[in-house]
Novice: 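Have a look at this one before I ask anything.
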Amino acid sequence: MLVSQLLNPTLREVPAEAEVISHQLMVRAGLIRKSASGFYTLLPLGLRVLRKIETIVREEMDAKGGQEILMPIMQPAELWKESGRWDVYGAELFRLKDRHNREFCLGPTHEEIITDLIRGEVRSYKQLPMLLYQIQNKYRDERRPRFGLMRGREFLMKDLYSFDRDEAGLQESYQKMYDAYCRIFSRCGLSYRPVEADAGAIGGTGGTHEFMVLADSGENSVVYCSGCDYAANMEKSECRPQVIDDVSPEGQPKLVATPGVKTIDEVCEHLTVPQNTLVKSLLYQGDEKTFLVLIRGDRTLNEIKLNNALGGFVSLQLAAPEQVEKILGCGPGSVGPIEVPEGLMVVADEEIPFMKRAVCGANKAGYHYVDVVPSHDFRIDQVFDLRMVEPGEACLKCGAPLKEARGIEVGQVFKLGTKYSKAFGATFLDENGEEKCCVMGCYGIGVTRSIAAAIEQNHDDFGIIWPMPIAPYQCIIIPASAKDVQVVETAQKLYKELQSQGVEVVLDDRDERAGVKFKDADLVGYPIRVTLGSKTLANGQVELKDRKSNETQLVLVADVVKQVKNMIEQALQF
RNA sequence: CGGGGUAUAGCGCAGCUUGGUAGCGCGCCUGCCUUGGGAGCAGGAGGCCGGGGGUUCGAAUCCCUCUGCCCCGACCA
């Protein structure tokens, strides 16, 4: 490809709308342009990167016995009503009607469609296991699309669904996908970590792992062990109570005046006590139920754990101040567990029962209780692990301190079990003629998001540094002296030769000064740069530059093709 | 969905307070010049100042309203 003909509009300045580096660079390097919030056009170079990742994904899926299909983006409402998700999925589902007023949605995922397919086509255990996948656009009306391709409303995803005879089969399929995912992200040149995760609204019974690309701009917090291979999404990570050694004798609850004091910080300051002596009391609303949640003042409540512990609500949120007023007769800043209404369930984090002389709200504006002994002075109905783990705590597996990192979720593997096969009657006959439900798994990779993740991880002040396997082109040739006939002709000749040897190469044939070409090449991030200048060429040499290491070498014209192919070959090994 | 911000040329921005019919840098087009890290000079094209309504002799500027976009939060296969 000739750069003069390529639709690759590079920008000198950072677009005002782009916040994170990958978004900025994708726009500046001329890979994408926005059409509407969360919707993007991929320009030629951006699309080439996407296709490269797709190819890697396809190869690895096929290698594990996956069969590619293509399901419709438009999905009939009936299937979603059959699974129960038409109502549960909420506003994130793009819904529309056809001319006959029949309801449809744009697929955010395809469990419904695929399970409907399988229930019609699979009859016998002999057909199992079956692994079906597609690479297709998904639609989710995110409340807040952001960061360019990182969180769009339309994005390309690979989704594979596995159907097995039993749990053991599912475990095998799951492991296959887990292994395939490791290969895929390694091949893409990404530094990633599989982490234990929460199954979320997609449901399912077994474990689940998320594949996190480690990057500071990631929207997820990950904890990992400094001593072993334990790693988990922070919202999933279990913890043990850290008991505070308090030797003071237990006392009687005393009501103290705390005028105008509402937040944890204010209470601590007013009473000169540390945060970990406070019982933070939060009134929560789960669907129609209300309950009081207790957690130590220095801890953060993990709502995911709370929702899991209490059986999974569709909607779980802090009760509105009016609700707090109605049930407890005070504002949110004064809530406490003492003398709450009989019917109000009180759930506490595991650390609460270990507290000895605690401080808590008095359900009365301007007052708090001190010297409170949990369980003794107030009722606790149920105790769970409800808090967010904190960096530095001991790993539950090996005891070494945990560390925290930010991660971008580029893939997730789920064990679904029979949730959907049961709802849809996707059954088969086993060798005894017995009817059984397929045991399912589902496995997704955000292909568009992986591009953003790759850039987050591979860039410098000058631009993108593509890992060779996903670079839009492997090599760029820059004739630095555009007036030198020798330079121009040699560049042309090398361009043709490299092309004929299967190297993905562009020739910057624009009538620009060398500096402009260098800047653009660095910005776009071509892994190998071949530069031809009058002086070096007079000695029969051209310069090869590695974008990543910044190393340059002078090579005889006759050896360029061989050397470039060498560099590519090396960079493609993993 | 709550809170905040913003909308002026392809991109980045000024002008708005105190109304008088639009400007700067980059990019783009022509020519000269230059040619190893976003050069220089000269000339040029390009805008219904997000949409609608109002106030006014007159609105980019003041008022009302709608919309888009961005950020924070909540939410999230």
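Quick note on labels: first sequence line is chain A, next is B, and so on, each numbered from 1.
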Novice: Taking for each residue the nucleotide of RNA chain B bearing the nearest heavy atom, is the 5' side occupied by A:Tyr443 or by A:Gln317?
Specialist: A:Gln317
Novice: What is the distance, rounded to the nearest whole Å, between atom CD of A:Glu13 and atom C1' of B:G12?
Specialist: 4 Å
Novice: For A:Asp520 and A:Glu219, take the nucleotide of RNA chain B holding the closest heavy atom to each; which residue's nucleotide lies nearer the 5' end?
Specialist: A:Asp520
Novice: Which nucleotide wins on minimum distance to the side chain of A:Lys483, given the candidates B:U34, B:G36, B:C76?
Specialist: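 Per side-chain heavy atoms of A:Lys483, the pick is B:U34.
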Novice: Using a 4.0 Å heavy-atom cut-off, does A:Asp159 contact any base of the nucleic acid, only the sugar-phosphate backbone, or nothing at all?
Specialist: nothing
Novice: Under 4.0 Å, heavy atoms only, any strand: does A:Glu303 hit a base, just the sugar-phosphate, or nothing?
Specialist: sugar-phosphate
Novice: What's the CD-P distance between A:Glu92 and B:A74, to the nearest Å?
Specialist: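 After rounding, the gap between these two atoms is 16 Å.
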Novice: A:Ala514 near the nucleic acid: base, sugar-phosphate alone, or nothing, with a heavy-atom cut-off under 4.0 Å?
Specialist: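 A:Ala514: backbone/sugar contact only, no base atoms under 4.0 Å.
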Novice: Expressed in angstrom and rounded to an integer, what is the separation of A:Phe414 atom CZ from B:C76 atom C1'?
Specialist: 11 Å
Novice: Is there a Watson-Crick or G-U wobble partner for B:U34 with both distances under 3.5 Å, and if so, which one is it?
Specialist: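 Here B:U34 is not engaged in any pair, so there is no nucleotide opposite it.
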Novice: Can you say whether a donor on the side chain of A:Lys519 sits under 3.5 Å from an acceptor on the base of B:G27, or the other way round?
Specialist: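 Check fails, no donor-acceptor contact within cut-off.
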Novice: Anything under 3.5 Å between a protein N or O and an N or O of nucleotides 67-71 of chain B, put it in a table, one pair a line.
Specialist:
residue, atom, partner, partner atom, Å
B:C69, OP1, A:Ser37, N, 2.8
B:C69, O3', A:Lys34, NZ, 2.9
B:C70, OP2, A:Ser37, OG, 3.0

Novice: Could you tell me whether A:Arg151 and A:Glu219 make a salt bridge, using a distance below 4.0 angstrom between a side-chain N and a carboxylate O?
Specialist: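 Yes.
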Novice: Please report the distance separating the C1' of B:U17 from the corresponding atom of B:C26, rounded so that it comes out in whole Å.
Specialist: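 Per the computed distance, 29 Å lies between those C1' atoms.
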Novice: Would you say the side chain of A:Arg510 and the base of B:G38 hold a donor-acceptor pair, judged only by whether the two atoms sit under 3.5 Å apart?
Specialist: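 A donor-acceptor contact between them is absent.
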Novice: Is any NZ, NE, NH1 or NH2 atom of the basic residue among A:Asp198 and A:Lys236 found under 4.0 Å from an Asp or Glu carboxylate oxygen of the other?
Specialist: no
Novice: Please state how far atom CG in A:Leu7 lies from atom P in B:C28, giving the value in whole angstrom units.
Specialist: 15 Å
Novice: Mind checking whether A:Tyr89 and A:Trp80 have parallel, tilted or perpendicular rings, split at 30° and 60°?
Specialist: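 It falls in the perpendicular class, over 60°.
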Novice: What does A:Glu543 touch in the nucleic acid at a heavy-atom separation under 4.0 angstrom: a base, only the sugar-phosphate, or nothing?
Specialist: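 Base, at least one base heavy atom under 4.0 Å.
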Novice: Please say whether the positively charged group of A:Arg95, taken as NZ for Lys or CZ for Arg, lies over the ring of A:Trp86, i.e. under 6.0 angstrom from the six-membered ring centre and within 45 degrees of the axis.
Specialist: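 A:Arg95 over A:Trp86 ring: yes.
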Novice: Given B:A39, is OP1 or OP2 found less than 4.0 Å from the side-chain N or O atoms of A:Arg513?
Specialist: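 For A:Arg513, the contact criterion (side-chain N or O under 4.0 Å from OP1 or OP2 of B:A39) is met.
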Novice: Would A:Glu238 and A:Val389 satisfy side-chain contact (heavy atoms from CB on, under 4.5 Å), going step by step from the backbone distance to the final call?
Specialist: CA-CA 7 Å; A:Glu238 295 168 17; A:Val389 73; over 6 Å; no
Novice: Rounded to the Å, how far apart are A:Asp511 CG and B:A39 P?
Specialist: 13 Å
Novice: Give a yes/no on whether any side-chain N or O of A:Arg143 is located under 4.0 angstrom from OP1 or OP2 of B:C76.
Specialist: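 Answer no for this pair, as no side-chain N or O of A:Arg143 is under 4.0 Å from OP1 or OP2.
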Novice: Using a 4.0 Å heavy-atom cut-off across all strands, classify A:Asp484 as base, sugar-phosphate, or nothing.
Specialist: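 Counting heavy atoms under 4.0 Å across all strands, no contact is made by A:Asp484.
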Novice: Should the pair A:His23 and A:Tyr40 be assigned to parallel (<30°), tilted (30 to 60°) or perpendicular (>60°) ring geometry?
Specialist: perpendicular
Novice: Has A:Arg529 got its NZ or CZ under 6.0 Å from the middle of the six-membered ring of A:Phe518, at an angle within 45 degrees of the ring axis?
Specialist: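 Cation-pi check for A:Arg529 and A:Phe518: passes.
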Novice: Without decimals, in angstroms, what is the distance between A:Met157 CE and B:C76 P?
Specialist: 17 Å
Novice: Quick one: label A:Ser534 by what it contacts on the DNA or RNA (base, sugar-phosphate, nothing), any heavy atom closer than 4.0 Å.
Specialist: nothing
Novice: What orientation do A:Tyr139 and A:Phe94 show, parallel under 30°, tilted 30 to 60°, or perpendicular over 60°?
Specialist: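 Aromatic pair A:Tyr139/A:Phe94 classed perpendicular.
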Novice: What does B:G73 pair with, Watson-Crick or G-U, if both distances are under 3.5 Å?
Specialist: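 Across any shown strand, B:G73 pairs with B:C1.
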Novice: What nucleotide, of B:G36, B:G12, B:G38, holds the atom closest to the side chain of A:Pro15?
Specialist: B:G12
Novice: Less than 4.0 Å between a side-chain N and a carboxylate O, is that true for A:Asp159 and A:Lys138?
Specialist: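 Yes, this pair counts.
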Novice: Between B:U6 and B:C13, how many Å separate the two C1' atoms, rounded to a whole number?
Specialist: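 Result for the C1' pair: 13 Å, nearest Å.
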Novice: Could you check whether the side chain of A:Glu512 and the base of B:G38 have a donor-acceptor pair of N or O atoms closer than 3.5 Å, going by distance alone?
Specialist: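 For A:Glu512, whose side chain was compared with the base of B:G38, there is no donor-acceptor pair (under 3.5 Å).
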Novice: How long is the line joining CD of A:Glu142 and P of B:G73, in whole Å?
Specialist: 15 Å
Novice: Heavy atoms under 4.0 Å, any strand shown: does A:Arg28 hit a base, just sugar-phosphate, or nothing?
Specialist: base
Novice: What is the separation between atom CG on A:Asn220 and atom P on B:C75, rounded to the nearest whole Å?
Specialist: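 Result: 14 Å.
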